[in-house]
Every structure is written in structure tokens, then in C-alpha cells.
Amino acid sequence: MTIETDDYRDVWVFVEQHDGTAAPVSWELLAKGRELADETDESLVALVMGDDVSDLAEEAVARGADRALLADDAVFEPYRADPYGEQFRALVEARKPSIVLIGGTHTGRDFAGRVAVPAHAGLTADCTELAVDDEGLLLASRPTFGGDAMATIKCPAHRPQMATVRAGVFDTSEPTESDVERAAAVEEVEVVVAEEDALSTVLERVVSDVVDITDADVVVAGGAGCEGEVGPIVELAEVLGGEVAASRAAVDEGWIEPARQVGQTGKTVRPHLYIAAGISGAVQHLEGMNDSDVVVAVNTDPNAAIFEHADYGIVGDLHEVLPKLTELVREQQE
Ligand code: FAD
């Protein structure tokens, strides 16, 4: 299929929401989308779908979108892949965006293909870096070969250029514009899906307690140095109001659940405080935590690579150091 790529313009960001609350990755993508749109000299457009979510469309404008498209209807709550996919597909067909960014969440991954396949679009999944080249083509990069290499993918012949993007890899956007500017830049679009056309009905939603460490302000991560005893990690995380995380070694040993793995093949975190205990500092681990504001490393080996990436280093046994830190924090809190 040959298409006129010049007919396609603008950078779209899908604002994912559930029960009226935006997924943080949406605002991260909006900030990155702003950069890309400025570089290609195009508009940044936020796409908001949901039931009674006009406030989120206005918020998207406040956070940097030139305008927001709002598909507001009860059919979009709760999320189902077919109404979302069909509405999104119809908008893409009619408006012809050049670049479409979607969070690499369960939701984003679930419906992005429903937009990409009928549009014959290029879809790069689980990206960790985005840029545009001299010709304005999207350069979508992601780990490949199990994390051994990075692949940069571009789609010169097809549009839109689509990417799902990992949460936590970009800075978030902050609200700035005034209320008046926000409302004026929101366009309510025609809803093209009806409840009777939906292929599925949600009877019940069971929210599992799958953890999400990507938004945590404080992360306490344990590695192979835990030697099977993760109690000190859990207690310090608890007292600091943070999340427990792990290196792959600790996950592979079964000490800490896979959803908490930090790194190239795990999650990307950017907390204010990252405590790495018994973690050597392999590049694959660093990739998931290098943007933390403050890194504290606890390791018995004074030459461990992690110390080169830490703001504070403690040479010592984590089974002794962490309980002392926990005790100190408790004392401060009393
Ligand atoms: P080790 O490298 O074994 O280090 C353990 C550290 O604990 C040592 O520095 C040691 O001095 C210290 N120590 C030992 N006892 C104590 C103690 N009592 N108190 C304090 N310190 C102690 N790794 C990830 O973490 N995340 C990823 O996403 C990831 N993806 C990968 C993808 C690929 C394709 C590959 C090939 C590897 C990947 N890895 C990943 C694995 C990575 O290369 C390392 O093997 C892993 O990070 C090592 O984990 P570790 O630091 O816990 O263990």
C-alpha cells in the first residue's frame, strides 16, 4: 500500500485514563510529544477518551498540547479494546496524524494494534527513547535481543508512525496555560462507536494487586547480596513509605516478584531516593534507575560499580546497615 506521507501531520498523544484519573505516562508522553512537535514544527494534539472527562482534555492543553480531541461517551467507561480501537482508528483515518504516541501500559498495548493494523502503520512497541531525524521521521528506540542491544526503528513509507512507550522514562509535563485557553483548545469529536456494536461487556472488574513501582518516590532495591533474606529491604521500604524493588539476580532467585525488577528488562524508575542494597551496578540494572534524584548504595565490596553511580555509598553488609537505617528513620519519625 502506497500512501502520501505529506498528507500526514502533527504529533498525537493518547491520554490514558481510568475512572477519570490520567495514567502518569500520559503526561510524560505529552512532555516528550511537545519536544518532537516543536522539532518537526507541527502541532501537539492530545486524544482523550472516556466518560465525562473534559477536565482531562483541558488539563492536557494546560500541560502543553496545542489542542485536545475529546471523545466523551459512556461507551468508553470502563476501558474495552474494541470501542477504544475503533474510535481511535476512525480519528486517525480522518485526521491523519504523522506520529502517534501511546503509553506502553496494559491498556495501550491492548488496543494500539487495532489502530496500527488497519492503518498499515508502523508500530514500535515498548520504546525507551524517542527522537526525530533531519527529515522529521520518528526514531523509536527500544531494547532488543533480550536487552543485549538497542534497536532504532523508523517508518519512512507508512503513516502514522506509532509507538507505545514505557512508563517512567521521560519527565512529566506540568500545567501552565490559563483556564480560558484550556477550554478553547478542546474539540469534542463525533463518537463513532455505540454500545450495541461493542463486542464485549464488562461484568466485573477484579483489580489484582499487581504492583507498580514506576511512580514511587522512594525505592529500596535488593540484589544478589540479600542472599535470600529480603526482610531488611522490606522494612526499610516500609518505614520510608517506599516500594521494594530488585535486581534481576534477586528476581531470578525468586526472592522478589518479577513486577519489581528494575532495569533494561524490568521497570524504569525515577524516584527521589533509590537505595541499592547488595546490587553490583551492572549496566542493565543502571539503565532502569540512573535518572533517580539521589542514589544510596550499600555494598560489601568497596570497588562495586554501583558506587560510581551513587550520591552516597556505604561499604558494609546490608543485613547490618539496613536495619540501622530503618531504626534511624523510625527515631526521626517519633
Ligand atoms: P551481583 O552482580 O551478583 O552483585 C551482588 C552484589 O552484592 C555484589 O556487588 C556484592 O559485592 C554485593 N554483596 C554481596 N553480599 C552482600 C551483603 N551481605 N551486603 C551488601 N552487599 C553484598 N539486571 C537487572 O538488575 N535488571 C535488568 O533488567 C537486567 N536485564 C538484563 C538483560 C540482559 C540481556 C542481560 C544479559 C542481563 C540483564 N540483567 C539485568 C542482569 C545484569 O547483567 C546483572 O547480572 C544483575 O543486575 C546482577 O544483579 P546483582 O547486582 O543483584 O548481583
Side-chain angles (χ1 to χ4, degrees), residues 9-73 76-79 84 87-88 91 95 97-105 107-108 127-132 138 163-189 212-219 241 243 267-273 291-294:
R9 276 192 68 75
D10 297 341
V11 177
W12 281 22
V13 168
F14 171 63
V15 176
E16 178 180 335
Q17 60 80 31
H18 297 278
D19 292 327
T21 304
V25 67
S26 309
W27 304 142
E28 294 160 15
L29 288 185
L30 213 56
K32 191 66 190 177
R34 182 71 269 162
E35 278 175 42
L36 300 180
D38 288 345
E39 274 183 59
T40 55
D41 203 18
E42 294 179 328
S43 295
L44 175 64
V45 179
L47 173 55
V48 182
M49 287 191 226
D51 184 18
D52 198 13
V53 287
S54 58
D55 56 328
L56 286 180
E58 290 178 22
E59 185 172 353
V61 175
R63 288 178 183 264
D66 294 304
R67 51 183 207 278
L69 303 178
L70 171 65
D72 211 337
D73 194 280
F76 299 121
E77 193 62 50
Y79 164 79
Y84 267 62
Q87 179 72 40
F88 206 136
L91 280 168
R95 312 268 179 140
S98 176
I99 294 175
V100 173
L101 308 178
I102 297 171
T105 58
T107 299
C127 297
T128 54
E129 288 171 31
L130 297 173
V132 284
L138 179 69
T164 59
V165 184
R166 213 188 262 196
V169 293
F170 300 127
D171 282 330
T172 195
S173 52
E174 300 296 341
T176 48
E177 306 287 319
S178 75
D179 288 352
V180 181
E181 287 164 313
R182 292 178 195 187
V186 175
E187 177 191 347
E188 193 153 353
V189 299
D212 181 10
I213 59 170
T214 56
D215 289 333
D217 272 345
V218 176
V219 172
E243 287 286 354
K267 300 278 166 52
T268 302
V269 295
R270 320 174 101 206
H272 293 312
L273 174 62
D291 284 332
S292 306
D293 292 339
V294 176

F88: which residues meet the ring pair (Phe, Tyr, Trp, His ring centres under 6.0 Å) condition with it, sequence neighbours left out?
F14, F111
Atom pair [atom1] ([X]) and [atom2] ([Y]), whose distance is rounded to the nearest 0.5 Å:
X	Y	atom1	atom2	value
L138	L101	CG	CG	6.5 Å
E42	I99	CD	CD1	6.5 Å
L69	M49	CG	CE	9.5 Å
Q17	D51	CD	CG	8.5 Å
D72	D52	CG	CG	6.0 Å
L91	W12	CG	CH2	5.0 Å

For [Y], does its backbone N or O pair with a side-chain atom of [X] as donor and acceptor, under 3.5 Å?
X	Y	answer
S26	E16	yes
D10	P97	no
R63	S173	yes

From CA spacing to verdict: side-chain contact (heavy atoms from CB on, under 4.5 Å), L56, E59
CA-CA 5 Å; L56 286 180; E59 185 172 353; 3.8 Å; yes
Out of D171, D293, T214, T172, which one pairs with R270 under the side chain to side chain donor-acceptor pair (under 3.5 Å) rule?
D171
Shortest non-hydrogen contact between [X] and [Y], atoms and distance:
X	Y	result
E243	D212	OE2-O, 4.4 Å
A60	L30	O-CD2, 3.4 Å
D215	P24	OD2-CG, 3.3 Å
L130	K32	O-CE, 3.2 Å
V15	A46	CG2-CB, 4.0 Å
P271	D217	CB-O, 3.2 Å

Run V189 and Q87 through side-chain contact (heavy atoms from CB on, under 4.5 Å) and show every step you take.
CA-CA 10 Å; V189 299; Q87 179 72 40; 4.0 Å; yes
Which residues share a side-chain contact (heavy atoms from CB on, under 4.5 Å) with T128, sequence neighbours left out:
P143, M150, R166, V169
When you check the gap from the basic side-chain N to the acidic O, do R34 and D66 get nearer than 4.0 Å?
yes
Salt bridge or not for E187 and R95, using N-O below 4.0 Å?
yes
